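In this text the structure is predicted, and so the values were computed from the model without any measurement.
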Amino acid sequence: MSNGPGPRRRWLVLAVGAAAQGVNAVGFLGLPVLTPQLRDHFRLDLPAVGLLLGAVSLGTVLALVPWGVATDRFGERPVMLVGLLGSAACLGGAALATDVVVVGAALLGLGLFGASVNAASGRAVMTWFADGRRGLAMGVRQTATPLGAALAAVSLPTLAARSGVPAAFAALGGLTTVVALAVALWVREPPGAVRAPRRRRVARVGGGDQVLRSPRLWRLALGSGLLVVPQFTASALLVEFLHDHHGLSAGSAAVVLGVAQVLGGAGRLGTGLWSDASGSRLGPLRVLSALVAAGFLAGALVDSAPVGLVVATLVPTAALALCWNALAYTAAGEMAPSGRSGTALGLQNSANFASAALTPAAAGWVATHVSWPAALLLAAGSAAAARLVLHGLREGSG
């Protein structure tokens with residue numbers, strides 16, 4: 001990959017993969033910015049909206065490992081193409097539906113198809129980039145997630161206010177279709193890429209079963225799932241927290257979330273460089289876990305302070321809660337046997353999305369029936385637990 005079109009091709013594949021990741025992220029990180037409009041449009045309470053939005057993550061967690069196995073066997077391009085076109089169709093269905101149950105089913109389908117992007121675009125980075133650049137490359141790919149959510153935060157509320165919630169779904173479906181076309185045109189595997197063997201007996205000996213039985217991968221997945229709790233407490237509920245609890249307008253609260261998402265995206269690049277320079281993914285991950293726990297604890301303590309201090313505390317905390325994903329994701333891929341990174345990435349992400357499916361409703365219930373500071377303390381405790389789970393975990397393959 002050092003000569004000829006290889007270097008240019010890998011950055012092109014990374015750019016398209018990042019675009020796919022960004023548009024997919026709008027579904028599970030960006031749509032929560034429409035929480036106030038969804039409540040009004042469908043006449044739902046906060047926990048019910050949490051369940052509706054959690055359908056995207058539920059669909060994703062059900063499909064991640066199968067899509068990862070498919071990516072290892074068939075490559076990134078067909079998997080991403082099928083997934084993105086399916087996502088666009090589901091968003092179109094959500095735009096046309098009038099019943100909230102039908103919309104929930106469409107969002108579940110969005111998660112089922114969108115899961116393809118998480119495994120396939122990650123495997124593309126693992127195959128196109130060597131160890132010394134993989135942290136940065138994965139950081140670029142992962143940065144697309146908060147940037148996509150930030151774009152949604154500043155555009156979807158305005159679009160929904162002017163044209164309605166269905167218009168927001170339709171616009172996202174159109175954008176997803178455009179990205180699918182880019183995948184069809186430009187995503188390819190590098191020369192010599194290792195595919196998983198298709199014969200079932202061979203796969204049992206050295207492949208998917210080996211990945212799914214790895215204690216280290218399961219431990220990493222558990223730590224990642226715990227870190228999703230503070231991440232999704234911020235991304236799914238920060239707008240409602242600032243709007244309903246502290247009196248900011250929905251638009252201003254969405255801008256605050258957008259700022260946190262942009263900072264989080266920059267942080268993913270920084271942590272990628274940090275991990276490449278240090279030669280470790282899990283060392284920086286442990287540091288971030290402790291910082292996130294401290295930040296949400298501080299947020300709970302300043303809840304009764306002026307809103308400016310609350311925002312000043314929670315914006316960097318929410319950004320830190322977004323910084324860690326590329327580290328855990330890269331660590332999972334590097335723990336996998338040759339040709340099995342898609343399956344390993346699917347497993348690690350399954351824990352993330354299982355937690356993401358539960359967190360909005362659970363944190364919303366705590367905020368509604370206990371208090372908002374209690375919801376922030378739940379996020380802090382989960383980050384602290386992740387730090388304990390990751391203590392002493394060995395990284396790399398073998």
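- Between Phe129 and Trp11, a ring centre-to-centre spacing shorter than 6.0 Å is recorded.
- Looking at residues two or more places apart in sequence or on another chain, you find a side chain to side chain donor-acceptor pair (under 3.5 Å) between Asn352 and Asn349.
- Within the structure, every pair that satisfies the salt bridge (Lys or Arg N to Asp or Glu O under 4.0 Å) test and touches residues 134-145, not counting sequence neighbours, is listed here: Asp131-Arg134, Arg134-Glu334.
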Table please: side-chain donor-acceptor pairs of residues 25-45 below 3.5 Å, with sequence neighbours left out.
unit_1, atom_1, unit_2, atom_2, d
Thr35, OG1, Pro32, O, 2.5
Arg39, NH1, Glu240, OE2, 2.6
Asp45, OD1, Ala48, N, 2.9

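- The side chain to side chain donor-acceptor pair (under 3.5 Å) test applied to Gln348 returns Ser224, not counting sequence neighbours.
- Evaluation of the side chain to side chain donor-acceptor pair (under 3.5 Å) rule for Ser280 yields Glu395 as partners, not counting sequence neighbours.
- Residues passing the salt bridge (charged side-chain N to carboxylate O under 4.0 Å, His left out) test with Asp276 are Arg281, sequence neighbours excluded.
- Leu301 shares a hydrophobic cluster with Leu297, Leu377; the chain of contacts runs through ILVMFWY side chains whose heavy atoms sit under 4.5 Å apart.
- As a member of the Ile/Leu/Val/Met/Phe/Trp/Tyr network built from side-chain separations under 4.5 Å, Leu96 groups with nothing else and remains a singleton.
- The side chain to side chain donor-acceptor pair (under 3.5 Å) search around Ser371 returns none, not counting sequence neighbours.
- For the ring-ring contact (aromatic ring centres under 6.0 Å, His included) condition, the pairs that include at least one residue of residues 210-241, sequence neighbours left out, are Phe241-His245, Phe241-His246, Phe241-Trp372.
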For residues 158-172, which side-chain N or O atoms pair as donor and acceptor with protein atoms under 3.5 Å away, sequence neighbours left out?
none

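- In this structure, Leu222 shares a hydrophobic cluster with Leu226, Val389, the cluster being traced through Ile, Leu, Val, Met, Phe, Trp and Tyr side chains under 4.5 angstrom apart.
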